[in-house]
Amino acid sequence: MRAIFFQSAALAVLTASVAGAASPASIEAEIRRREAQKKAAQSLQPENPADVIVPHQEKAREVAEIVYNTWRLSMIRGNEQAWRASTCRSRQMKVRNLIISQRGQFPRDFFKETQEAPNIDNFVYVGSLLGCKGTTMACTYVGKLQLGDGKPRENAYVLELVLEQGKWKLDQTRFFDLSQLPEVRKRLYSGDLTVLKEQDGFLPYAQIPAVPLACQAPQLIGKVFVDCPGRNIEMTINGVSVHEFDDERRADVISGGLKRGQNTITYKITDRKGLKRPGMAIGLFVAPETPGNSGICVFDHILDEQDTATGGSFTFYISNEHIASMNPKFQGQQPAPYHAVPLKEKNKK
């Protein structure tokens, strides 16, 4: 598993687009702010899908489509003011940090590179659900969606909205391929709202998304790769870059990047009930910025299916030798990444 994981991870780094770190005081303040936000959000968090509210469908649809169409046209026209007016604050900061962390300029590069979002008029409305005591909303549509150069495929298209200061704002859109889910597809087209409560992807947020700390331009562009079947992982890198991975394989840009010298990572691994938990892997990479160079792994955590590690806090270092070894002409021995796992083997020493 290790070879397969890191081979594909390194390839993803090579094809990634190509910008530090917060002060200790600001990191501490951000941690306190997040803890307070989490406590406040927990009081609003539904205990189960049965607590989700079914609103007046036509009113919910009207609100969602006004917000979505404003958001969509703002990106087509490159209208920053309209985009900010229709996009929730947490998403604005996430987009800003993503671009800054790859040495881009915000908002210029966002509007320059954004692809046109689907026209909602081409979809069939299924229904809407409210969560978090009416402050989050998920609106589901179904229809054919073309991704890239492929053929149009039957998809569910979900709008996730957040209520901010009395106004609905879009956070993100999700799509789910229905080609292997004929019964779900049938129920969606029939307007069966109960199916929306049965699938996590159709539910509204259980809490308002936290607004991330604004990152600085990075010393080194970094990426985190996680393959965590059957597990949920909450992670923070250098006290700034916050990530959550849930039973999936995904690569994220590290907000604020990595640094020469000391870096930190903290994460919590939780098993997903009812799911198999084969081996998993976490890897942090420095991405190449010079043509011809390759990415290098500077931290890894590999678990097999028997391992019961629940995460931890680690400090690792990136040396000048790490950076030099990214050049194919490097003659020395490539430095090994910091090995956090398997923890059980470390405990035996």
Side-chain angles (χ1 to χ4, degrees), residues 9 16 19-42 44-45 87-102 104 106 110 132 136 160 162 164 169 171-172 174 200 205-228 231-259 262-270 272 280-287 298-301 310-316 340:
S23 67
S26 65
I27 290 174
E28 199 172 311
E30 173 65 7
I31 291 172
R32 290 197 301 269
R33 185 181 71 86
R34 286 184 179 279
E35 288 175 349
Q37 260 186 333
K38 189 172 184 179
K39 287 181 181 178
Q42 284 173 345
L44 301 174
Q45 185 170 345
T87 305
C88 71
R89 290 175 296 169
S90 61
R91 182 59 53 182
Q92 290 183 40
M93 187 60 74
K94 288 174 185 176
V95 170
R96 180 258 180 206
N97 284 352
L98 177 64
I99 292 173
I100 295 297
S101 297
Q102 298 176 93
F106 177 80
F110 173 61
C132 201
T136 62
E160 293 283 1
V162 174
E164 286 186 350
K169 306 288 185 70
D171 178 61
Q172 67 169 327
R174 300 172 172 170
D200 289 346
Y205 296 148
Q207 60 189 52
I208 301 293
V211 180
L213 183 71
C215 72
Q216 300 177 13
Q219 291 182 16
L220 305 166
I221 298 176
K223 278 201 169 185
V224 52
F225 295 84
V226 171
D227 189 7
C228 59
R231 301 171 179 86
N232 176 275
I233 299 178
E234 296 178 356
M235 176 185 297
T236 302
I237 302 169
N238 284 336
V240 176
S241 192
V242 179
H243 309 261
E244 183 172 3
F245 303 89
D246 192 43
D247 184 38
E248 62 185 320
R249 177 187 181 90
R250 196 178 82 228
D252 281 356
V253 173
I254 297 173
S255 183
L258 295 169
K259 304 175 293 181
Q262 180 176 305
N263 294 264
T264 61
I265 180 171
T266 300
Y267 48 93
K268 179 181 179 182
I269 304 171
T270 307
R272 287 285 306 274
M280 61 152 279
I282 296 171
L284 299 187
F285 286 78
V286 176
V298 292
F299 175 97
D300 67 24
H301 187 148
T310 57
S313 296
F314 305 93
T315 298
F316 62 98

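In this structure, Asn97 and Pro212 have side chains that are in contact, with non-hydrogen atoms separated by less than 4.5 Å. Proximity of Ile265 to Phe316: side-chain heavy atoms (C-beta onward) are separated by under 4.5 Å at one or more points. Side-chain atoms of Met280 and Ile269, non-hydrogen and from C-beta on, do get closer than 4.5 Å to each other. The side-chain heavy atoms of Asn232 and Glu244, taken from C-beta on, include a pair separated by under 4.5 Å. Using a 4.5 Å cut-off on side-chain heavy atoms (C-beta onward), Arg231 and Arg272 make no contact. Glu234 is not listed as a side-chain neighbour of Val242, based on a closest heavy-atom distance of 4.5 Å or more. The shortest distance between side-chain heavy atoms of Ile237 and Thr264 does not fall below 4.5 Å. Between Gln102 and Val253 the shortest side-chain heavy-atom distance falls below 4.5 Å.
Between His243 and Phe245, the ring planes lie parallel to each other; the angle is under 30°, not in the 30° to 60° tilted range.
A search for salt bridge (Lys or Arg N to Asp or Glu O under 4.0 Å) contacts involving Arg96 returns nothing, not counting sequence neighbours.
Considering all non-hydrogen atoms of both residues, Ser101 and Gly257 come closest at OG-N, 4.4 Å. The heavy-atom pair separating Arg174 from Glu160 by the smallest distance is NH1-OE2, 3.2 Å.
The OG1 atom of Thr87 lies 9.5 Å from the CD atom of Glu164; values are rounded to the nearest 0.5 Å. For the atom pair CG of Asp227 and CD1 of Ile282, the computed distance is 10.5 Å after rounding to the nearest 0.5 Å. Here the CZ atom belonging to Arg249 is positioned 9.5 Å from the CZ atom belonging to Phe225, to the nearest 0.5 angstrom. The CG atom of Leu98 lies 12.0 Å from the CD1 atom of Ile254; values are rounded to the nearest 0.5 Å. Between Lys268 atom NZ and Thr236 atom OG1 the span is 12.5 Å, to the nearest 0.5 Å. Atom OG of Ser90 sits about 7.5 Å away from atom OH of Tyr205, to the nearest 0.5 Å.
Classification of Asp252 and Lys223 as a salt-bridged pair fails, no side-chain N sitting under 4.0 Å from a carboxylate O. With respect to Asp171 and Lys169, no salt bridge is recorded, no charged nitrogen being found less than 4.0 Å from a carboxylate O.
For an aromatic pair to be called close, the ring centres must be under 6.0 Å apart, and Phe285 with Phe299 fails this.
Under a 3.5 Å cut-off, the side chain of Ser255 and the backbone N or O of Ser241 do not form any donor-acceptor pair.
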